[in-house]
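Source: prediction; values computed, not measured. Every chain is numbered from 1, with letters handed out A, B, ... down the list of sequences. No hydrogens, no waters, no symmetry mates; every other heavy atom, side chains included, goes into these values.
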Number of protein chains: 2
Amino acid sequence: MYKIGELAKACDINNDTLRFYEKNALLCPSTRSESGYRLYTEKDKETLQFILRAKGVGFTLAEIRELLSIEVNKADSACADVKTLVDSKLNDVETKLAELIRFQTSLKRLSNACCGGAESAEHCTILEALESDTNDVRHEHKLNDKES
Amino acid sequence: MYKIGELAKACDINNDTLRFYEKNALLCPSTRSESGYRLYTEKDKETLQFILRAKGVGFTLAEIRELLSIEVNKADSACADVKTLVDSKLNDVETKLAELIRFQTSLKRLSNACCGGAESAEHCTILEALESDTNDVRHEHKLNDKES
DNA sequence: CTTGACCTGTGACTTAGGTCGAAGGTTTAT
DNA sequence: ATAAACCTTCGACCTAAGTCACAGGTCAAG
């Protein structure tokens, strides 16, 4: 049995995070001591590690709650249910990825176009790009310029 | 001169967003009418468009505030200052990108390993991967498995 | 002269995932 | 027996970028 601080230290998280997970129905300690201290079992620790691993692949706590409800009750769920969660998450991730790649492309273009010198910024190509709506900074669509 | 609703509509944002930008020192209307209405000039509109374009390439409002302070005072800033902001943002973006790619890789691996069938999830490879700490789900380091 | 569309300011609420402080109870070691 | 190190609950605070509600003032049309 772990007290809160012991489990937290063992898993390298904050005590408050554990309380937060409890409040949000992710991980409730199996028992309490006479005096009300949370007592976590080895099984609780495994659940916590499940949570941390799921966080590690990008799941939100709400999604992890879903995964856990399948996990505690495996026999009544299908593989397909689990895979759906993973694929839907993968979709989210790829959407965000696409946005970040647009950012990256635009920023690289801005950076490459700028001399970066100590001269006054009066003719800075970056500022000019942000000022002008012709020659949209955000998308390359028909710009047919090459990344240098 | 635009009233708040006119400028908001012209730029397809919310009136409250404009008030929010004002409160956060991003865009103050040049004047007010007798009765206190905000009045935005054409120049204000251009500044707003600058802000929206900068948002479009991924800058936060705090960063845009920095860009604007250079923009209003170009002569006293160097190109290098601007480029530094862009490069530092690019760095942020690439850090986030790296994390999302890790998520993507892990999720793809989980998804590919799962049959996704209607069978009970009792032996679901996804759940097993999240349960076990051997065979870490998050990183490929020495797994030398191939993406199918 | 009233109705409706607009504007004002203030302050609260949202999401996500915690983190912190205060006031007090418990355990353990000395 | 008392101090240090733990634990409890509760509630407030944090970031980011808004969004919404409320109570009231203004403006143009009919």
Below 3.5 Å is the cut-off: list the nitrogen or oxygen pairs between protein and nucleotides 9-13 of chain C, distance only.
from	atom 1	to	atom 2	distance (Å)
C:dG9	OP1	B:Arg32	NH1	3.1
C:dG9	OP1	B:Arg32	NH2	3.3
C:dG9	OP2	B:Arg38	NH1	2.8
C:dG9	OP2	B:Arg38	NH2	2.6

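Using a 4.0 Å cutoff to heavy atoms of chain B, the contacted part of DNA chain D runs 5' to 3' from D:dA17 to D:dC27.
Using a distance-only test at 3.5 Å, with no hydrogens or angles considered, a donor-acceptor pair links the side chain of A:Arg65 to the main chain of A:Asn24. Formation of a donor-acceptor pair under 3.5 Å by the B:Lys89 side chain with backbone atoms of B:Gly58 is found in this model. The closest donor-acceptor contact from the side chain of A:Asp87 to the backbone of B:Ser111 lies at 3.5 Å or more, if one exists at all. Between the side chain of A:Asp44 and the backbone N or O of A:Ser30, at least one donor-acceptor pair lies under 3.5 Å. A side-chain donor-acceptor contact under 3.5 Å links A:Arg53 to the backbone of B:Leu130. Between the side chain of A:Thr95 and the backbone N or O of A:Asn91, at least one donor-acceptor pair lies under 3.5 Å. Within the 3.5 Å criterion, the main-chain N or O of A:Lys96 finds no donor-acceptor partner in the side chain of A:Glu99. When atom types are taken as modelled, the side chain of B:Ser106 and the backbone of B:Arg102 share a donor-acceptor pair closer than 3.5 angstrom. Under the 3.5 Å distance criterion, the side-chain polar atoms of A:Asp81 are left unmatched by any main-chain donor or acceptor of A:Ser77. Listed for the A:Asn14 side chain is a donor-acceptor partner under 3.5 Å among the backbone atoms of A:Asp16.
What separates CD1 of A:Ile13 from C1' of C:dG17 is a distance of 12 Å, to the nearest Å.
To the nearest 0.5 angstrom, B:Leu7 atom CG is 8.5 Å from B:Gln49 atom CD. Between atom CZ of residue B:Arg109 and atom OG1 of residue B:Thr125 there is a gap of 11.5 Å, rounded to the nearest 0.5 Å.
At the heavy-atom level, B:Asn24 lies nowhere under 4.0 Å from the strands shown.
A salt bridge links B:Glu22 with B:Arg32; the closest basic N to acidic carboxylate O contact falls under 4.0 Å.
Tested against B:Lys74, the residues A:Glu122, A:Glu131, A:Glu119 include a single salt bridge (charged side-chain N to carboxylate O under 4.0 Å, His left out) partner, A:Glu131.
Non-hydrogen atoms lying under 4.0 Å from DNA chain C are contributed by nothing in residues 58-71 of chain B. Taken residue by residue, residues 90-100 of chain B places no heavy atom nearer than 4.0 Å to DNA chain D. Applying a 4.0 Å cut-off to non-hydrogen atoms, none of the residues of residues 2-12 of chain A approaches DNA chain C.
Side-chain contact check for A:Tyr2 and A:Glu42: at least one donor-acceptor pair (N or O, by modelled atom type) lies under 3.5 Å.
Dashed line: the shortest gap from a side-chain N or O of A:Thr17 to OP1 or OP2 of C:dT19 is under 4.0 Å.
Counting heavy-atom neighbours within 6.0 Å of B:Asn73 CG, excluding the residue itself, gives a total above 12.
Closest contact between the side chain of A:Ser35 and the listed nucleotides C:dT27, C:dG18, C:dT19 involves C:dT27.
For the pair B:Leu127 and A:Phe50, the minimum side-chain heavy-atom distance is below 4.5 Å. The shortest side-chain heavy-atom distance between A:Cys114 and B:Val86 does not fall under the 4.5 Å cut-off.
Two end axes, each from the C1' atoms of five base pairs, can be drawn for the helix from C:dC1-D:dG30 to C:dT30-D:dA1; they diverge by 30°, to 10 degrees.
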